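Please read the structure below before turning to the comments.
Both counts, for ligands and for their atoms, begin at 1 and track the order of listing. Only a predicted model underlies this, so the values are computations on that prediction, with no experimental measurement involved.
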Amino acid sequence: NTEIVIIEEENIDREAITRAGKIIKAGGLVAFPTETVYGIGGDALNASSSEKIYAAKGRPSDNPLIVHITRIDALSFLVKEIPETAYKLADKFWPGPLTMIFHKSDHVPKRTTGGLETVAVRMPSNKVAGALIEAAGGYIAAPSANRSGRPSPTVAKYVIEDLDGRVDMIIDGGESVIGLESTIVDLTEEKPVILRPGYITKEMIAAVIGNVDVDRAITDEACSAAPKAPGMKYRHYAPEGSLMIVEGAAQQVEAYINERLKSGRAEGKRTGVIATDETAGHYHADSIKSVGSRSDKEQIARHLFRILREFDDENIQVIYTESFEQQGVGAAIMNRLLKAAGHRVVSL
Ligand code: TXA
Ligand code: MG
């Protein structure tokens, strides 16, 4: 049985947090809010907790978990050595939506790292997450709180939909303010490499540590190399309906999408569009959702996953989306959208 509790960031219910921490210390699972997306938390130092996380999520067990901490000395416990670049990045971006990869220490079980000798570590800024990590002893392994393959949840409603009955407790802490998973940067090679784009952009990282690469498997669709973050190879974020990205000049995109929606309706399909505030009024579909204003990429990032889920709630079978520029957080938005669409793009 899953207990569901509401905990507000600005008024933390200490009694509930203590109870949640005890569940994790005893080897149980608690789903909790972070500023990026909700996570399924278990004791990162307990191999059987990690095992339970994989089972609850229905996730292949070669896909490693991120360890969440609240203090920098917890990092020394988890990793073999901390490169200078890590201190610089932590100084600037922790607590926050950045995950760094290190060579792991012997304290971290291989069940937590999916069999790897490296470990991913993040210090979240969400205060409910922070309080829970401390109550649980300082080390929470947590993947996103979706069943494997589905869009990551940014509101508790979708955590409950995916995990009710599969975890001991779900903490409802409202909407995630960022809405996309953390940026992952690998510090185990000579040159830092971004393995997953996110809210902290390549430019922001480069401004702190100089040059940084992006894993070619992410930027280059034709690249046959496996992505270094095992999770990036799986089909992900997909809504149940078929999703197609359309790119080109705005008016052509609208005309093309409306044409395709018309055929969809003629075939008796339920149709949907991911539009923007600027264009939402221009479409004809069963469900038209604005992801935000084109001039506000942060807003688009925050709304994208929730909108993908809402189409499922409404049984939408055919979905078309506008495309977004890859600058700044746009790189992360398009990375998630391309995965959700199975890389199906029409270029006009
Ligand atoms: O924002 C986030 O990072 C959220 C919240 C809950 O913190 N967590 C999250 O976890 O997105 P998850 O498990 O859904 O994604 C973790 C990604 C996967 O793609 C995984 O393969 C990669 O991180 N990863 C974890 N440890 C790694 C390692 N040692 N080496 C390479 N990639 C790793
Ligand atoms: Mg995930």
What are the two closest non-hydrogen atoms of N126 and E35, and how far apart are they?
N-OE1, 3.2 Å
List every atom of ligand 1 that sits less than 4.0 Å from any heavy atom of N63, numbering the atoms from 1 in the order shown and giving each element.
18 (C), 20 (C), 21 (O)
According to the interplanar angle, ranging from 0 to 90°, do the rings of F77 and H107 count as parallel (below 30°), tilted (30 to 60°) or perpendicular (above 60°)?
parallel
Distance filter under 4.0 Å to S182 heavy atoms, resulting ligand 1 atoms:
1 (O), 2 (C), 3 (O)
Looking at E310 and R306, is there a salt bridge between them, counting it only when a charged N and a carboxylate O are closer than 4.0 Å?
yes
May I ask you to check whether over 12 heavy atoms, not counting those of F93, lie within 6.0 Å of atom CZ?
yes
Please report whether ligand 1 has a polar contact with S144, defined as an N or O pair separated by less than 3.5 Å (distance criterion only).
yes
Answer yes or no on whether K289 is positioned over the face of F311, meaning its NZ or CZ is under 6.0 Å from the six-membered ring centre and within 45° of the axis.
yes
Hey, is T113 one of the residues with a heavy atom under 4.0 angstrom from ligand 1?
no
What are the atoms of ligand 1, with element, lying closer than 4.0 Å to any heavy atom of P143?
10 (O), 12 (P), 13 (O)
Atoms of ligand 1, numbered as shown, that sit under 4.0 Å from any heavy atom of L116:
28 (C), 29 (N), 30 (N)
For ligand 1, which atoms have a heavy atom of I101 less than 4.0 angstrom away?
27 (C), 28 (C), 29 (N), 30 (N), 31 (C), 32 (N), 33 (C)
Answer with yes or no whether the side chains of R336 and S152 bring together a donor and an acceptor at under 3.5 Å.
no
With nothing but distance in play, are any N or O atoms of K57 less than 3.5 Å from an N or O of ligand 1?
no
The one among G41, G115, P33, P64 that brings a heavy atom closest to atom 25 (C) of ligand 1
P64
Record the part of T118 in heavy-atom contact with ligand 1 below 4.0 Å; permitted values are side chain, backbone, both and neither.
both
Ligand 1 versus I184: contacting region, heavy-atom distance under 4.0 Å:
side chain
Consider only side-chain N and O atoms of S176 and T154, and report whether a donor and an acceptor are under 3.5 Å apart.
no
E203 atom CD, over 12 foreign heavy atoms within 6.0 Å
yes
For atom CD of E278, decide whether the heavy atoms of other residues, nucleotides or ligands shown that lie under 6.0 angstrom number more than 12.
yes
Residue portion contacting ligand 1 (non-hydrogen atoms closer than 4.0 Å) for H68
side chain
Answer yes or no for S152: is there an N/O/S atom below the 2.8 Å cut-off from the Mg ion (ligand 2)?
no
Polar atom proximity, T36 to ligand 1 (N or O, under 3.5 Å)
yes
